[in-house]
Amino acid sequence: MPLSNTQAPAGDQVRARLAKLEGLRRSGEEPYPHVSPPAAPARALVEGFGDLEGSEQAVRGRVVAFRGHGRTTFLHLEDGSGRIQVYLRQADLGAERYAVLQYLDLGDFLWAGGTLFRTRSGEITVQAREFRVLAKALRPLPLAKEEVVGGARVVHGGLGDREVRYRRRYVDLAVHAEVREVFRTRARVLAYLRRFLDGRDFLEVETPVLQPLYGGAAARPFTTHHHALDTTLYLRIADELYLKRLLVGGLERVYEIAKDFRNEGIDRTHNPEFTMLEFYQAYADYQDMMSLVEEMVVGVVREITGGTELTWRGETVDVSPPWRRVSMLEALATAGVHVAEIERTPLEACARELGLDVPTGAGAGKILDEIFKDRVEPALRGPVFVTDHPRELSPLAKAHRTDQRLTERFEAFLFGIEFANAFSELNDPLDQRRRFEAQRELGARGDAEAHALDEDYLRALEYGMPPTGGVGMGVDRLVMLLTGSPSIRDVILFPQMRPEEGRLPDEDDATGEGEGRDRQTRREGDPAGSEGGAC
RNA sequence: GAGCCCGUAACUCAGCUGGUAGAGUAGCGGACUUUUAAUCCGCGAGUCGAAGGUUCGAAUCCUUCCGGGCUCACCA
């Protein structure tokens, strides 16, 4: 038994629980049975109490509160539906079974069966005739206690350290029902988006995560290597170019909910891997896509909140269509910046005047974007579509039908956060080649995020792609807004963190140095072993 | 990458201008047959993020490092 090794560093609480584990076994209670007797959801019993009072019922879940009173014990079980109280009496269970309760802890999983009743103080409760341990917990959970003070719910305890909450999400989830709720909402958002697109004849597809050439966005990629092909592969930064190849192939409406990977900084709105919804519709342009985005967003807001208002960080907006649509140049003019020419020299002068740094190697479009971000973006409370970006910034967007300096593009903002980006997709292969070449020049001048030239994509366009509207939507950001989460980390179950230095000392001890090393050796030796092995 | 802040028991935190640690919850022991932050009595629990330095003496002061948060920058 490696138990002794685990004990010392983990402290007295783990030690006590290990002792109780043995106590359970000694009393003939299997601490980790394979199955559970059937049980009802806690909420079903509470809500259906009117009809169920006095009936035999069973519940199961995690022990989240425990109050012993000598020959009586009250505890609360929490399952996926909610909480319910269980009342256990020595008189009902018999002295021998009742004594087993001393080996229970907060955090254990338990099944209990008995009569449903209401206590003197009014709480719906199962008066247990029998119980079963379903799984023993060896580490203490920082379970919160709640009290009601003057009608307000006051929570004591819980897990506050954000680092621990993100790193040990299982604890965060186990202890905070509201965190579980965020991820249920996330799932509902995803389901709604699928339903919305499926209902409009979009086909859900899957395209490569590992790509020989990355593209579809301006970003630095993660690089990896395929051994058998002996070739460099990149984790996708976007699936755009693949989806548009499908348009060439005659799939007129496609979408993908894709994990994208960008080798960039991490902050409140950026995680290195994130979920992007991209959808493309043949015979549509960016105006059509604006309408579709409006419809989609108001639909998902209705789905989640029941209304059309969204509140985030103390601000409330109404997402009912139509949203404001403002071109980049108009917005700048409104902000007092009049841009006569999209030329490098006057723009640079303008940026300098505003006290902005002009990155070396920045083209006219980039400078315009800088000015925009500084003067306009912070004031965009939304919902709003910012449209018609300069060509240079949008190498995959079709030139604007009335102004060749611009493209037919929009970015959608809510609360100043950009959550969608869309174009009338560029389907002129010759223009696309020129744009790629311009990007290559930017790259040569040191822009690490310049788009790569993708010959196969150009070849695809040369076969002919219908006029198409396309949208990329940041799902995580959308979920942030829908759940009132201030950080993207609150809507990603396991956000990227710096690796923990080594393993926890007590876990090292539990596994044993030698065993850990063994395991690694075995894994590394495996391929060689199978080559020359018994088979 | 820059600035500010944080890291003390399982959890939430206190520890002033240096004298090697405290509270509540959780845990352990005891009392208690309708409690609900149950209550009452008692007890234990900590490489004070890490390493150096100053000092007779460091959780406390200094330096560096590690990890995190916020703001900014970067990032459509």
Side-chain angles (χ1 to χ4, degrees), chain A residues 9-17 19-20 64-76 83 85-93 98 102 105-107 117-123 125 127 137-149 153-167 171 175 217-220 237-238 262-272 274 328 357 359 365-366 369-370 372-374 377 386 389-390 393-395 397 409-413 417-422 448-449 472 474 486-487 489 497-502 505-506:
Chain A
D12 60 336
Q13 304 230 27
V14 170
R15 202 168 14 235
R17 284 160 181 256
K20 290 181 182 179
V64 292
F66 191 99
R67 296 176 294 279
H69 299 76
R71 294 183 189 81
T72 295
T73 296
F74 289 91
L75 57 81
H76 274 90
R83 290 184 176 198
Q85 182 168 257
V86 176
Y87 175 45
L88 303 108
R89 299 197 310 171
Q90 192 181 66
D92 296 331
L93 295 164
Y98 190 80
Q102 69 185 293
D105 281 300
L106 293 177
F117 79 115
R118 195 191 284 275
T119 63
R120 195 180 293 160
S121 50
E123 180 155 359
T125 302
Q127 181 164 358
L138 295 180
R139 290 178 186 268
L141 281 172
L143 287 160
K145 289 188 175 186
E146 290 180 2
E147 68 174 327
V148 177
V149 179
R153 174 163 293 187
V154 183
V155 178
H156 305 270
L159 184 62
D161 186 321
R162 301 180 74 81
E163 179 176 359
V164 179
R165 293 179 60 177
Y166 297 142
R167 286 190 192 278
V171 176
V175 158
R220 295 172 62 183
I237 58 173
R262 298 187 183 177
N263 208 337
E264 292 162 352
I266 298 175
D267 65 24
R268 213 178 50 226
T269 53
H270 296 81
N271 193 63
F274 62 100
M328 216 168 163
D357 282 336
K366 183 84 178 163
D369 193 41
E370 292 289 329
F372 182 83
K373 279 184 181 168
D374 183 71
E377 222 174 90
V386 174
H389 301 60
L393 286 177
S394 318
R409 172 179 177 184
F410 70 81
E411 293 177 305
F413 289 85
I417 291 184
E418 181 209 337
F419 72 94
N421 182 25
E449 293 171 354
S487 167
R489 290 179 158 172
M497 305 284 280
R498 258 202 182 75
E500 282 186 274
E501 203 51 39
D506 49 335

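Every value quoted in this text rests on a predicted model; they were computed, and no experiment measured them. Protein chains get the first letters and strands the later ones, always in sequence-line order, with residue 1 at the start of each.
Computed from coordinates, the Leu75(A) CG to A38(B) P distance equals 12 Å when rounded to whole Å. Summarising the geometry, the separation between CG on Asp369(A) and P on C74(B) is reported as 10 Å, rounded to the nearest angstrom. Whole-Å rounding puts the Glu147(A) CD to U25(B) P distance at 12 Å. For the pair Phe413(A) CZ and A76(B) P, the computed distance is 12 Å after rounding to whole Å. Atom CZ of Arg67(A) is separated from atom C1' of A37(B) by 9 Å (rounded to the nearest Å). Rounding to whole angstrom units, CG of residue Leu159(A) and P of C11(B) are separated by 8 Å. For the pair Asp267(A) CG and C74(B) C1', the interatomic distance rounds to 9 Å; values are reported in whole Å. At whole-Å resolution of the value, CZ in Arg15(A) and P in A45(B) are 10 Å apart.
Using C1' as the reference atom, G18(B) and C61(B) are 7 Å apart when rounded to the nearest Å. For the P atoms, the distance linking U64(B) with G3(B) amounts to 11 Å, nearest Å. Comparing the C1' positions of G44(B) and A21(B) gives an interatomic distance of 15 Å, to the nearest angstrom. As rounded to the nearest Å, U60(B) and U17(B) have C1' atoms that lie 10 Å from one another. For A38(B) and U47(B), the P atoms lie 29 Å apart once the distance is rounded to whole Å. When the P atom is used for both C40(B) and C13(B), the distance is 24 Å, rounded to whole Å. G29(B) and U34(B) have their P atoms separated by 22 Å, given to the nearest Å. Here the separation of C28(B) from U8(B), taken at their P atoms, is 24 Å to the nearest Å.
His156(A) and Glu147(A) share a side-chain donor-acceptor pair at under 3.5 Å.
The minimum heavy-atom distance between Gly107(A) and Leu143(A), with the atom names listed, is N-CD1, 4.2 Å. Taking all atoms of both residues into account, the shortest heavy-atom contact from Gly158(A) to Val175(A) is CA-CG1, 4.2 Å. Arg17(A) approaches Arg139(A) most closely through the heavy-atom pair NH1-O, 3.4 Å.
The main-chain N or O of Ile237(A) is found under 3.5 Å from a side-chain atom of Arg262(A) such that the two form a donor-acceptor pair. When atom types are taken as modelled, the side chain of Tyr98(A) and the backbone of Thr72(A) share a donor-acceptor pair closer than 3.5 angstrom. Although no hydrogens or angles enter the test, the distance criterion places no donor-acceptor pair under 3.5 Å between the side chain of Asn271(A) and the main chain of Phe274(A). Between the side chain of Arg409(A) and the backbone N or O of Leu393(A) there is at least one donor-acceptor pair closer than 3.5 Å.
Map Gly157(A) and Arg167(A) each onto its nearest nucleotide of RNA chain B; the residue landing nearer the 5' end is Gly157(A).
Counting non-hydrogen atoms under 4.0 angstrom, His389(A) reaches nothing in the nucleic acid. Using a 4.0 Å heavy-atom distance criterion, Arg409(A) is classed as a base contact.
Not a single donor-acceptor pair, N or O on each side, falls under 3.5 Å between the base of C11(B) and the side chain of Asp161(A). Residue Gln85(A) places a side-chain atom within donor-acceptor reach of the base of U35(B), judged by atom type and a 3.5 Å distance cut-off alone.
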- [ ] Sugar-phosphate atoms are those with a prime plus P, OP1 and OP2; base atoms are the rest. Using that split, label each nucleotide of nucleotides 26-34 of chain B B, S or - for protein heavy atoms under 4.0 Å, 5' to 3'.
- [x] BSS---BBB

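Remark: Arg162(A) is not in phosphate contact with G68(B), judged by side-chain N or O atoms under 4.0 Å from OP1 or OP2. Neither OP1 nor OP2 of G68(B) sits under 4.0 Å from any side-chain N or O of Arg165(A). Taking 4.0 angstrom as the limit, Arg498(A) places a side-chain polar atom (N or O) nearer than this to OP1 or OP2 of G68(B).
Checking U47(B) for Watson-Crick or G-U wobble geometry (two distances, each under 3.5 Å) identifies no partner in any strand. Nucleotide A2(B) has U71(B) as its partner under the Watson-Crick or G-U criteria, with both atom distances under 3.5 Å. Base pairing of U60(B) is not made with any nucleotide, judged by Watson-Crick or G-U wobble geometry with both donor-acceptor distances under 3.5 Å. Base pairing of U25(B) is made with A10(B), judged by Watson-Crick or G-U wobble geometry with both donor-acceptor distances under 3.5 Å. The partner of U35(B) is absent, by the rule that a Watson-Crick or G-U pair needs both atom distances under 3.5 Å.
Taking His69(A) as the reference, Phe74(A) meet the ring-ring contact (aromatic ring centres under 6.0 Å, His included) condition, with sequence neighbours excluded.
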